2 protein chains.
Amino acid sequence: MAKKGKDTNTEEKILNAARQVFIEKGLSGARMQDIADKAEINKAMLHYYFKNKEMLFKLIFQETAGKLFPHFEKLMDSDLNFFDKIRSIVASYIDVIIQNPYIPLFVMNEMNKNPEIGMKTFFEAQKPGFVKKFRQAIENSIEMGLIEPINPIHLIMNMFSMCAFPFIAKPMIKILTGVEEEQFRNLMEQRKVLVAEFIINSIKK
Amino acid sequence: MAKKGKDTNTEEKILNAARQVFIEKGLSGARMQDIADKAEINKAMLHYYFKNKEMLFKLIFQETAGKLFPHFEKLMDSDLNFFDKIRSIVASYIDVIIQNPYIPLFVMNEMNKNPEIGMKTFFEAQKPGFVKKFRQAIENSIEMGLIEPINPIHLIMNMFSMCAFPFIAKPMIKILTGVEEEQFRNLMEQRKVLVAEFIINSIKK
DNA sequence: ACTTTTGTTAACCATTTGGTTAATTATATG
DNA sequence: CATATAATTAACCAAATGGTTAACAAAAGT
């Protein structure tokens with residue numbers, strides 16, 4: 001009854017291959033043949049399991065972009081104080097990116113190049129929870145006199161900028177600072193606490 | 001005697017067109033025909049003036065990437081105090097990006113996708129001046145007890161992250177915050193002072 | 001057992017793409 | 001003016017690319 005016979009192992013292989021190739025080369029740079037090769041299947045199978053390149057890409061993109069929105073809502077609802085919430089978010093967000101270092105650039109780039117591909121609706125579905133609550137928490141903390149006044153949008157931008165940008169700029173950072181792969185990992189590990197403290201230091205009253 | 005006849009106006013038109021197309025679509029997404037169309041010339045002219053796609057791209061890329069390294073060395077040599085140097089750098093750097101909002105993403109993306117294309121040597125040529133001096137200034141300020149101890153690399157990362165990342169993440173920011181083009185420009189304008197004060201607030205003793 | 005459905009393959013196809021060629025026009029230059 | 005040189009064009013080409021087809025193998029259903 002299941003639309004695709006037994007174990008659908010091939011579908012998995014295709015998705016894994018597609019994920020690698022798309023993330024490495026982007027939509028326009030990826031070749032269907034590359035994906036087929038990496039999946040060790042015939043190119044025709046790609047179109048058997050997925051309509052065409054765009055469909056396959058959209059699937060991978062949305063799956064990947066989803067990782068950029070961990071479920072911070074629980075965290076926002078927790079009874080941690082505001083500063084500890086920042087500490088938690090920064091640490092776990094950088095951790096997510098350490099585990100998937102290529103996705104920020106991939107997502108940002110494809111969003112710019114293919115504005116149509118239906119990510120507006122996709123993200124608008126994901127959005128409401130976290131950003132709204134975080135904004136509210138910032139405004140509360142300002143009212144309570146816990147932190148200096150700041151436009152919440154700027155604070156959020158600052159936070160995500162410092163978390164994500166170093167991964168996007170990694171090749172340039174390596175060249176400009178002479179840092180190598182291992183040291184880079186160490187630096188990113190350090191940032192899990194450093195960035196939060198940097199922010200808190202700046203806004204605390 | 002000049003290798004190319006009269007005014008070489010065509011060469012300019014090609015470069016302008018190539019700049020637009022490459023920045024918008026990237027190396028792999030750009031089509032030589034698009035460039036020719038935008039330049040209002042025959043496709044063969046592209047190869048008459050520039051060997052091939054890669055050559056043309058390399059030219060555009062290096063020219064564009066160069067803009068990401070304004071001449072901050074003079075600024076570092078000036079007699080401004082450390083905090084004012086940060087203020088100046090942030091303001092003028094964000095200004096540069098406001099004038100060329102697409103280049104950070106373009107440069108970062110192409111550096112990731114085409115690590116070979118010879119940007120290592122290119123950037124290593126540009127590098128020594130600014131980063132070295134800024135690092136030194138940070139270390140001095142720490143020794144002088146002007147700011148709290150911090151690894152200079154992290155401070156530099158934080159600064160450039162907050163300057164550049166919002167432009168890279170613009171499409172996502174617009175979706176997540178509901179901000180529109182004009183408000184976005186306003187926000188970025190605000191950041192010219194906000195980011196510097198955010199940093200100074202965090203590190204000053 | 002046999003028939004239908006699902007999975008897989010090799011060969012094929014049309015279009016796109018980067019690049020070339022040979023002929024033509026414009027521009028200097030003696 | 002004549003002629004060499006530079007600029008430009010249309011037509012062409014081979015390779016790459018996304019996608020299809022038709023035939024075949026493997027399961028599943030009866």
Side-chain angles (χ1 to χ4, degrees), chain A residues 1-62 106 109-110 113-114 116-118, chain B residues 1-62 106 109-110 113-114 116-118:
Chain A
M1 203 104 292
K3 203 186 170 194
K4 310 258 165 72
K6 53 158 192 173
D7 189 24
T8 325
N9 199 334
T10 307
E11 198 174 327
E12 285 284 321
K13 286 202 294 182
I14 293 176
L15 286 171
N16 288 333
R19 197 175 301 120
Q20 288 180 58
V21 174
F22 277 134
I23 287 178
E24 189 184 329
K25 315 238 185 156
L27 171 56
S28 64
R31 295 294 104 105
M32 292 299 263
Q33 190 60 59
D34 294 347
I35 296 175
D37 290 349
K38 187 153 281 182
E40 295 178 297
I41 50 136
N42 190 294
K43 187 163 61 105
M45 298 290 344
L46 296 178
H47 298 88
Y48 180 73
Y49 283 93
F50 306 93
K51 191 177 184 344
N52 57 30
K53 195 185 180 187
E54 268 71 37
M55 287 297 140
L56 185 52
F57 176 79
K58 194 181 271 189
L59 225 64
I60 296 295
F61 175 82
Q62 296 198 347
F106 171 68
N109 192 46
E110 298 301 331
K113 303 250 165 82
N114 314 84
E116 59 311 328
I117 214 150
Chain B
M1 203 104 294
K3 200 186 174 195
K4 310 259 165 69
K6 53 157 193 173
D7 189 24
T8 324
N9 198 336
T10 306
E11 197 173 329
E12 286 283 323
K13 287 203 291 181
I14 293 176
L15 285 172
N16 287 334
R19 199 175 301 120
Q20 288 179 59
V21 174
F22 278 134
I23 287 177
E24 189 185 329
K25 316 240 184 152
L27 171 56
S28 64
R31 296 293 102 104
M32 293 299 265
Q33 190 60 59
D34 295 348
I35 297 174
D37 290 348
K38 186 152 282 182
E40 295 177 296
I41 48 134
N42 190 294
K43 188 164 61 100
M45 296 297 323
L46 296 178
H47 298 88
Y48 181 71
Y49 282 93
F50 305 93
K51 191 175 184 340
N52 56 30
K53 197 186 179 186
E54 268 71 38
M55 287 298 140
L56 185 51
F57 176 79
K58 195 181 271 189
L59 225 63
I60 296 294
F61 175 82
Q62 296 199 347
F106 171 69
N109 193 47
E110 299 301 332
K113 303 252 164 79
N114 315 85
E116 59 310 329
I117 215 151

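Below, all heavy atoms of this structure are taken into account, side chains as well, without hydrogens, waters or symmetry copies. Residue numbers begin at 1 in each chain, while the letters A, B, ... track the order of the sequences. This structure is a prediction, so every number in the text was calculated from the model and none was measured.
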Asker: Separation of A:His47 atom NE2 from C:dG7 atom C1', in whole Å?
Answerer: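 Taking NE2 of A:His47 and C1' of C:dG7, I get 16 Å after rounding.
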Asker: Quick check: on DNA chain D, is the nucleotide nearest B:Ile41 upstream (toward 5') of the one nearest A:Ala44, or the reverse? Name the residue that is more 5'.
Answerer: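 In this pair, the answer is B:Ile41.
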Asker: Tell me: CD of A:Glu54 to C1' of D:dG19, nearest whole Å?
Answerer: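 Interatomic distance, CD of A:Glu54 to C1' of D:dG19: 12 Å.
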Asker: Round to a whole Å and report the spacing from OH of A:Tyr48 to P of C:dT5.
Answerer: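 For the pair A:Tyr48 OH and C:dT5 P, the rounded distance is 12 Å.
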Asker: For the pair A:Gln33 and A:Asp37, evaluate side-chain hydrogen bond (donor to acceptor under 3.5 Å, both in side chains) and give the outcome as yes or no after the intermediate values.
Answerer: CA-CA 6 Å; A:Gln33 190 60 59; A:Asp37 290 349; 2.9 Å; yes
Asker: So, is A:Tyr49 close to the C:dT6 phosphate, meaning a side-chain N or O under 4.0 Å from OP1 or OP2?
Answerer: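 It does not, given that no N or O in the side chain of A:Tyr49 lies less than 4.0 Å from OP1 or OP2 of C:dT6.
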Asker: Give the intermediate values and the outcome of side-chain hydrogen bond (donor to acceptor under 3.5 Å, both in side chains) for residues B:Lys113 and B:Asn109.
Answerer: CA-CA 6 Å; B:Lys113 303 252 164 79; B:Asn109 193 47; 2.9 Å; yes
Asker: Rounded to whole Å, how long is the line connecting atom CD of A:Glu11 with atom P of C:dT8?
Answerer: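 After rounding, the reported distance stands at 11 Å.
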Asker: NA contact type, A:Ala36, heavy-atom cut-off 4.0 Å: base, sugar-phosphate, or nothing?
Answerer: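 Since no nucleic acid heavy atom lies under 4.0 Å of A:Ala36, the category is nothing.
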Asker: Does atom NZ of A:Lys25 have more than 12 heavy-atom neighbours from other groups under 6.0 Å away?
Answerer: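 It does not: A:Lys25 NZ has 12 such atoms or fewer within range.
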Asker: Measure CG/A:Asp34 against P/D:dG19 and give the value in whole Å, please.
Answerer: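 Rounding to the nearest Å, CG of A:Asp34 and P of D:dG19 are 14 Å apart.
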Asker: Is it the case that the side chain of A:Glu110 and the backbone of A:Leu27 share a donor-acceptor pair, with hydrogens and angles ignored and the cut-off at 3.5 Å?
Answerer: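 Confirmed, A:Glu110 side chain pairs with A:Leu27 backbone.
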Asker: Between atom CG in A:Asn9 and atom P in D:dA26, what is the gap in whole Å?
Answerer: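 Result: 17 Å.
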Asker: What is the distance, rounded to the nearest whole Å, between atom CZ of A:Arg31 and atom C1' of C:dT16?
Answerer: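 A:Arg31 atom CZ is separated from C:dT16 atom C1' by 11 Å.
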Asker: Is B:Met45 touching bases, backbone alone, or none of the nucleic acid, heavy atoms closer than 4.0 Å?
Answerer: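 Result for B:Met45 = base.
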Asker: So for B:Lys43 and C:dG19, does any side-chain atom that can act as donor or acceptor lie under 3.5 Å from a complementary atom in the base?
Answerer: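 Per atom types, the contact qualifies.
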Asker: Over how many whole Å does the gap from A:Glu12 atom CD to C:dG7 atom C1' extend?
Answerer: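 Those two atoms, CD and C1', are 16 Å apart.
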